[in-house]
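Reviewing the structure listed below.
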There are 2 protein chains.
Amino acid sequence: MNKDTRQRIVEAARELFWLKGYGSTSIADILSRSQVNSGSLYYFFPGKQDVLTAVLEAYRDGIGAMLLEPAWGGIEDPVEKVFALLALYRRALVETDCTYGCPIGSLALELHEPDPPVRELMAANFAAWVAAVEAQVRAAADRFPANTDFRALAELVLNVMEGGVMQARTFRDIAHFDRAIAQLRAHFDALTEKQRAA
Amino acid sequence: MNKDTRQRIVEAARELFWLKGYGSTSIADILSRSQVNSGSLYYFFPGKQDVLTAVLEAYRDGIGAMLLEPAWGGIEDPVEKVFALLALYRRALVETDCTYGCPIGSLALELHEPDPPVRELMAANFAAWVAAVEAQVRAAADRFPANTDFRALAELVLNVMEGGVMQARTFRDIAHFDRAIAQLRAHFDALTEKQRAA
DNA sequence: GTCTATAAAAGGATAGAC
DNA sequence: GTCTATCCTTTTATAGAC
């Protein structure tokens with residue numbers, strides 16, 4: 001219960017930032033949830049923003065073990081891995097009555113002028129997500145037209161997911177997310193069909 | 001300078017919520033920017049959240065005159081109207097060094113548990129935007145396959161725009177937005193080509 | 001490394017004269 | 001409808017003993 005104090009703080013902050021956002025989470029909230037006293041938090045972190053950077057580092061470092069591996073367990077086909085990842089976001093939405101938000105996306109739009117370290121960590125998180133998706137579509141490169149921009153395609157997946165989460169949350173209706181993903185699936189089908197025709 | 005006091009408050013709040021977000025904008029900020037005193041603001045509004053609903057109502061009521069008409073001036077083709085609307089968002093991003101955020105999208109992700117009136121007004125704003133885009137693609141219905149889901153297509157436009165804005169802001173790089181729109185254009189081209197082939 | 005107490009400031013909101 | 005002054009709470013952060 002001593003050296004993991006820092007980790008308890010980061011974990012509590014991660015949950016609270018996800019549940020309530022950064023601005024609406026007070027230091028007192030973090031202390032209460034992590035069962036840590038003020039003095040200890042400020043021993044590890046100069047201030048609240050440094051807790052945020054630690055949280056963003058945790059997301060970045062955990063994207064494989066915490067997000068991709070759970071989503072991809074047992075799935076072989078690279079394209080289906082992409083949609084299995086999206087299905088994970090759908091599940092999170094359903095389980096939270098469409099209250100869930102992608103933690104990185106929410107922070108990205110909440111923080112209007114983030115200090116450089118914060119912004120760069122958010123960008124690093126998005127970049128890692130896109131790189132993982134890009135690797136999958138690239139692994140199925142033979143199904144796509146020869147001139148396919150795989151990075152842009154992977155970014156499209158991220159954009160549609162983030163947009164779909166935003167709409168589902170705002171309307172409190174998973175159908176918005178489902179329509180978003182259906183449109184993406186249709187786009188993928190059209191691309192692969194185009195290749196088969198060629 | 002008396003009956004427009006309320007309007008000055010709403011306008012100042014609109015700008016500040018857009019620049020800094022809702023949580024980071026204080027009542028004192030709004031008073032200072034609108035040159036209004038505390039007593040006057042609380043004469044018109046019970047509290048800060050009521051200022052937010054007034055701002056969201058202003059966005060909803062102004063979507064035609066403030067957003068669509070400026071975007072569509074001189075453009076006839078319905079599909080090009082859709083992309084002209086997206087070009088307006090691009091311009092806003094470029095002019096603000098990729099600091100711009102869609103005001104509704106930012107609020108939608110910042111406010112994690114918005115009270116019903118706030119959430120419904122955000123939804124009404126998105127719905128009006130989507131309806132406007134849907135009307136355009138429907139006006140070009142003959143170019144799309146017969147089974148096209150025009151609402152879902154219009155929602156895709158919104159989702160890609162919101163995602164593209166999020167990425168461009170986070171990376172401070174308009175190329176992210178441009179790739180997002182290019183993917184959307186490719187999707188439209190594929191749909192209309194499919195129809196021509198049929 | 002952790003504890004309690006508290007400083008110091010900012011925030012939303014109200015009172016009451018005019 | 002507007003003005004000034006101010007209350008009350010929350011919030012970030014620090015001090016100093018242990």
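Just so it is clear, the structure is predicted and the values come from calculations on it, not from any experiment. Chain letters run A, B, ... following the sequence lines, proteins first, then strands; residues in each count from 1.
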In dot-bracket, 5' to 3', how would DNA chain D read with Watson-Crick or G-U wobble pairs under 3.5 Å, [ ] for crossing ones and | for pairs to another strand?
||||||||||||||||||

Do A:S32 and A:D29 have side-chain N/O donor and acceptor atoms under 3.5 Å apart?
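A:S32 vs A:D29: no donor-acceptor pair found between side chains.
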
Please report, rounded to the nearest Å, how far the [atom2] atom of [N] is from the [atom1] atom of [X].
| X | N | atom1 | atom2 | value |
| --- | --- | --- | --- | --- |
| A:L41 | C:dC3 | CG | C1' | 14 Å |
| B:Y43 | C:dA15 | OH | P | 16 Å |
| B:F45 | D:dT2 | CZ | C1' | 15 Å |
| A:D4 | C:dG1 | CG | P | 11 Å |
| A:N37 | D:dA13 | CG | P | 17 Å |
| A:R6 | C:dG1 | CZ | C1' | 14 Å |
| B:L31 | D:dT2 | CG | C1' | 12 Å |

Pairwise N/O distances under 3.5 Å, protein to nucleotides 11-13 of chain C:
| residue | atom | partner | partner atom | Å |
| --- | --- | --- | --- | --- |
| C:dG12 | OP1 | B:K48 | NZ | 3.0 |
| C:dG12 | OP2 | B:I27 | N | 2.6 |
| C:dA13 | OP2 | B:Y42 | OH | 3.3 |
| C:dA13 | OP2 | B:K48 | N | 3.0 |

For D:dG1, does OP1 or OP2 lie under 4.0 Å from any side-chain N or O of B:T5?
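No, no such contact exists.
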
Holding to side chain to side chain contact (heavy atoms under 4.5 Å, CB included), I want the full list of residues that pass it with B:S38, two or more places apart in sequence or in another chain.
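Result, side chain to side chain contact (heavy atoms under 4.5 Å, CB included) vs B:S38: B:L31, B:Y42.
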
Test ring pair (Phe, Tyr, Trp, His ring centres under 6.0 Å) applied to A:H112 - qualifying residues, sequence neighbours left out:
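Partners of A:H112 under the ring pair (Phe, Tyr, Trp, His ring centres under 6.0 Å) test: none.
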
Checking A:F177 now: which residues fulfil ring pair (Phe, Tyr, Trp, His ring centres under 6.0 Å) with it, not counting sequence neighbours?
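Once residues adjacent in sequence are excluded, A:F177 has no partner under the ring pair (Phe, Tyr, Trp, His ring centres under 6.0 Å) criterion.
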
Pair up each side-chain donor or acceptor in residues 126-137 of chain A with any protein partner under 3.5 Å, not counting sequence neighbours, and list the distances.
| residue | atom | partner | partner atom | Å |
| --- | --- | --- | --- | --- |
| A:W129 | NE1 | A:Y89 | OH | 2.8 |
| A:E134 | OE2 | A:R138 | NE | 3.2 |
| A:E134 | OE2 | A:R138 | NH2 | 2.5 |

Compile the donor-acceptor pairs under 3.5 Å between side chains in residues 188-198 of chain B and protein atoms, sequence neighbours left out, one pair per line.
| residue | atom | partner | partner atom | Å |
| --- | --- | --- | --- | --- |
| B:T192 | OG1 | B:F188 | O | 3.1 |
| B:T192 | OG1 | B:D189 | O | 3.0 |

I need the minimum non-hydrogen distance between A:T170 and B:R119, along with the two atoms involved.
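Closest heavy-atom pair between A:T170 and B:R119: O-NH1, 2.8 Å.
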
Taking distance alone, no hydrogens or angles, what donor-acceptor pairs closer than 3.5 Å link side-chain atoms of residues 91-99 of chain A to residues at least two apart or in another chain?
| residue | atom | partner | partner atom | Å |
| --- | --- | --- | --- | --- |
| A:R91 | NE | A:E95 | OE2 | 3.3 |
| A:T96 | OG1 | A:A92 | O | 2.8 |
| A:T96 | OG1 | A:L93 | O | 3.2 |
| A:T96 | OG1 | A:T99 | N | 3.3 |
| A:T96 | OG1 | A:Y100 | N | 2.8 |
| A:T99 | OG1 | A:T96 | O | 3.2 |

Tell me, which pairs form a side chain to side chain donor-acceptor pair (under 3.5 Å) where one or both residues lie in residues 72-86 of chain A, sequence neighbours left out?
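Output for this query lists A:D77-A:R143, A:E80-A:R185.
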
